[in-house]
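When a ligand or atom number is given, it counts from 1 through the structure's own listing order.
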Amino acid sequence: MVKKRYLFLGIVFLLIAYMFLEPYWIETKDITIESDQIPAQFDGKKIVFLSDIHASPNFSQERIDGVVSQVNALNPDLVLLGGDYVDGDSEYVQSTFASLSKLEAPLGVYAVLGNKDPQYVTLNAIPDYGITYIGNKGTWIEENGSRIRLGGVGDYNNGAQIQNATTAVVTPQDFVILLSHNPDYFPKVDTSKVDLVLSGHTHGGQVTFFGLWAPSTHSDYGNKYRTGVIEENNSTLVVSNGLGTTILPIRFFARPQILVITLKKT
Ligand SMILES: [Fe+2]
């Protein structure tokens, strides 16, 4: 009886220790997005999507520098940043963007804000560090005379969402990517125009029941948009587990992620 109790306590101790270690175990997840709307010049282009760094004493500048080195080693063509750079604390904004300024991608580095970003402080930092802010803005990404449309919206809980800035000028033939920190905006996306939506915010639930279900996703849709690739209404939503943590520096079966999205023309 005594032995069983020690075994149980031992397992509980190991599970708790693992929860504090998982946040350091970053997964590089490969996703291929296929579409006949992807121009030939963009076939095989590699997009790295990072989200939810939540810079704090728990996610130090050293760790962000480590992520940046990992991303640069992947040789991305385009880097997209999904918001929540800090955990509401403006003290870490400048140092975080100083690290992110070292990201290298020939087609550029683009960013939207999340609900934990002090909006005005962060908006001032983004352009100073060679990163283009695309919240409620759209831009053409051009390569050898071909182009795709990229845009973003403000945070669903903490900002305005002007989708039209991205979609007003597109034709049904254009391939269109929209960044929205919160995946809950997906049902409001005009899927006749937008082909791919990239989101974070949920942290994959952060603490899950063995990756199957999470009690808290910070989403109005529960586990529906918690993580991964979700196809709906002829459009695709990709939700990243993000990199950092919020509330407690723990994760359980929701590893931090660097998403590598390869575009494939069909
Ligand atoms: Fe977050």
Side-chain angles (χ1 to χ4, degrees), residues 19-20 22-27 29 48-61 63-64 66-68 71 79-93 95-97 99-100 103 110-123 125-126 131 133-135 152-159 161 178-186 197-208 211 214-228 230 237-259:
M19 282 188 185
F20 284 92
E22 193 181 275
Y24 292 87
W25 191 24
I26 297 175
E27 173 190 19
K29 186 174 173 179
V48 164
F49 178 57
L50 304 178
S51 194
D52 297 86
I53 291 168
H54 290 262
S56 68
N58 291 318
F59 209 103
S60 64
Q61 192 175 11
R63 281 179 73 185
I64 302 169
V67 169
V68 168
V71 172
V79 175
L80 303 177
L81 306 172
D84 276 7
Y85 306 95
V86 298
D87 203 33
D89 195 339
S90 55
E91 191 188 329
Y92 299 97
V93 170
S95 58
T96 300
F97 280 93
S99 295
L100 295 175
L103 286 165
Y110 295 87
V112 293
L113 297 183
N115 55 306
K116 292 290 181 81
D117 295 313
Q119 307 277 313
Y120 295 109
V121 185
T122 320
L123 278 175
I126 288 175
I131 295 168
Y133 175 66
I134 51 166
V153 290
D155 182 62
Y156 188 57
N157 295 322
N158 204 10
Q161 301 86 42
L178 188 74
L179 294 191
S180 168
H181 172 70
N182 192 326
D184 285 7
Y185 185 65
F186 190 53
V197 178
L198 303 181
S199 296
H201 182 66
T202 59
H203 300 195
Q206 205 169 295
V207 174
T208 74
S216 169
T217 58
H218 299 278
S219 164
D220 293 342
Y221 298 90
N223 278 250
K224 192 177 178 192
Y225 301 143
R226 181 171 60 85
T227 187
I230 296 116
L237 168 68
V238 173
V239 184
S240 168
N241 287 356
L243 286 154
T245 53
T246 190
I247 304 172
L248 285 171
I250 57 172
R251 284 180 177 264
F252 194 69
F253 284 75
R255 282 172 65 188
Q257 288 178 333
I258 293 171
L259 297 190

Practice task
Examine distances only and state if a side-chain atom of D84 and a backbone atom of N115 form a donor-acceptor pair shorter than 3.5 Å.
Solution key: yes
Handout entry: D84 atom (N/O/S) at minimal separation from the Fe ion (ligand 1)
Key = OD2
Practice task
Please report the C-alpha distance between V238 and F49 in whole Å, then the side-chain angles of each, then the deciding distance to 0.1 Å, and finally whether the side-chain contact (heavy atoms from CB on, under 4.5 Å) criterion is met.
Solution key: CA-CA 10 Å; V238 173; F49 178 57; 5.6 Å; no
Practice task
Check H203 and report its N/O/S atom nearest to the Fe ion (ligand 1), by atom name.
Solution key: NE2
Practice task
For the Fe ion (ligand 1), decide whether H54 has an N, O or S atom at a distance under 2.8 Å.
Solution key: yes
Practice task
Determine whether the aromatic ring centres of H218 and H203 lie less than 6.0 Å apart.
Solution key: no
Practice task
Hey, can you tell me if F97 and Y85 have their rings parallel, tilted or perpendicular (30° and 60° cut-offs)?
Solution key: tilted
Problem - the Fe ion (ligand 1) to nearest N/O/S of D52 below 2.8 Å - result: yes
